[in-house]
Number of protein chains: 2
Amino acid sequence: MDTTTLFTKKLAESGYRLTQSRRAIVQALVACGGHITADDLTIKVHEMAPMVGRMSVYRTLELLCELGLARPIYQGTGAAHYILLDGGSHHHLICNRCGLVIEFDHCAADEVGQTLSARFNFQIQSHLLEFHGICTDCQTSSLKGEDVDDKLS
Amino acid sequence: MDTTTLFTKKLAESGYRLTQSRRAIVQALVACGGHITADDLTIKVHEMAPMVGRMSVYRTLELLCELGLARPIYQGTGAAHYILLDGGSHHHLICNRCGLVIEFDHCAADEVGQTLSARFNFQIQSHLLEFHGICTDCQTSSLKGEDVDDKLS
DNA sequence: CTTGCTGCAAAATTTTTGCACGAAT
DNA sequence: ATTCGTGCAAAAATTTTGCAGCAAG
């Protein structure tokens, strides 16, 4: 089952309606792989379904977050980016200097999650692990405050 | 050495000036333990140092993020919250329903960080690990969309 | 049918710029 | 002295609210 189908299915299971707008928004989000601003996603949605309003994008993203399928992150750029939590987890290396984002797969957090789930009686849906530091390029050209914005992933 | 001293020291080491405003902002942020909005931090700073402007708070927070001492997170509340990465790491259990945040200490991410640091030649300063799911209360009163805002930590 | 969802526009917040003055090194 | 940082105000951008009409179940 592809991610779009999984998402729409989860929406239905949770008692939410499967509207045209929500289908289009989920499809666009999955198609671009996440890492997108609410506004940019609106633009992408409009390419396929021009009648969908910006509000529905905001509300659908909020909904996906509640269902544990997405998560807003803030890179200090003024607008939240939404990432997919499809497989249940997401892993980042984030450069504090230029904002570069590297994704990686390896993760040892699952067993920690098991323990926490038991201790706090918390039903875990997904997790996000971020390492923050300085990327290779910024280490080389280590000029304070020299932001290289066009490296944003 | 307390956190405030550590922060001001890091600022100086990195070639930034230790101004009255920055001292006050760092002090207020550390005093409240992080988890605060830029605007709320401004209010807190004003209690001790009324002459500090909102702009300096924004700029100082951005600076702390670049130095790996803080990190903005987005809880879907319209404004970014800043958390301290003092000890080098931060760990959350976040409820997707009501926004409750539980902090925990245990973490097995350090060894993963070592591996990644080597593989990507990435100089790691800190990390953030978040587990997302449904908290105890929300599991009990599992009414779709029932947000309990006054539980925010 | 009934209730939930949408979309528009306007309002409220939050964040960024520009520039002259003040402060730290 | 020379930069760097500040603070004010205004502008820009992002997000939320309210409400009538449409659509999904």
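Labels below follow one simple rule: chain letters A, B, ... track the order of the sequence lines, proteins then strands, and each chain is numbered from 1. These figures come from a predicted structure and were not determined experimentally.
- Regarding E62(B), its CD atom lies at a distance of 13 Å from the C1' atom of dG5(D), rounded to whole Å.
- With a 4.5 Å cut-off on side-chain heavy atoms, N96(A) and L67(B) do not count as touching.
- Overall, the helix from dC1(C)-dG25(D) to dC21(C)-dG5(D) carries an axis bend of 50° between its ends, with five pairs at each end and the value rounded to 10°.
- Side-chain atoms of D2(A) and T5(A) form a donor-acceptor pair, as typed in the model, at a separation below 3.5 Å.
- Summarising the geometry, the separation between NE2 on H81(B) and C1' on dT13(C) is reported as 13 Å, rounded to the nearest angstrom.
- The distance between atom CD1 of I36(A) and atom C1' of dT14(D), rounded to the nearest whole Å, is 15 Å.
- For Y74(B) and dA13(D), the OH to P distance is 17 Å, given to the nearest whole Å.
- Distance CG (D39(B)) to P (dA12(C)): 16 Å, rounded to an integer number of Å.
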Check the interface with nucleotides 17-24 of chain C: list each N/O to N/O pair with the protein under 3.5 Å, or write none.
unit_1, atom_1, unit_2, atom_2, d
dA24(C), N3, R17(B), NH1, 3.3

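- OP1 and OP2 of dG7(D) both lie 4.0 Å or more from every side-chain N or O belonging to R54(B).
- Mapped onto DNA chain D by nearest heavy atom, S56(B) and G78(B) fall at different nucleotides, with S56(B) at the one closer to the 5' end.
- Counting only heavy atoms from C-beta on, Y16(B) has its side chain closest to dG5(D) among dT14(D), dT15(C), dG5(D).
- Clustering ILVMFWY residues whenever any of their side-chain heavy atoms sit less than 4.5 angstrom apart, transitively, puts L69(B) in the very cluster that holds L18(B).
- Here the side chains of S89(B) and S126(B) are not in contact, with every heavy-atom distance at 4.5 Å or above.
- The interatomic distance linking M51(A) (CE) with dG21(D) (C1') rounds to 17 Å, in whole Å.
- In this structure, Y58(A) and T60(B) both approach DNA chain D, and ranking their closest nucleotides by distance from the 5' end singles out T60(B).
- Checked against dT15(D), dG7(D), dT15(C), the side chain of A38(B) finds its nearest nucleotide in dT15(C).
- A side-chain donor-acceptor contact under 3.5 Å links R71(B) and H132(A).
- Taking a 4.5 Å side-chain heavy-atom cut-off between Ile, Leu, Val, Met, Phe, Trp and Tyr, the cluster of Y58(A) extends to M55(A).
- There is a path of hydrophobic side-chain contacts, each under 4.5 Å, that joins L85(A) to I73(A).
- By the 4.5 Å heavy-atom criterion applied to side chains, I83(A) and I36(A) are not counted as neighbours.
- One can place CZ of R23(A) at 13 Å from C1' of dA23(D), the figure rounded to the nearest angstrom.
- Phosphate proximity of dG7(C) to S21(A): present, with a side-chain N or O under 4.0 Å from OP1 or OP2.
- Atom CG of L11(A) and atom C1' of dA23(D) are 16 Å apart (whole Å).
- Judged by distance alone, the side chains of H35(B) and H92(B) do bring a donor and an acceptor atom under 3.5 Å apart.
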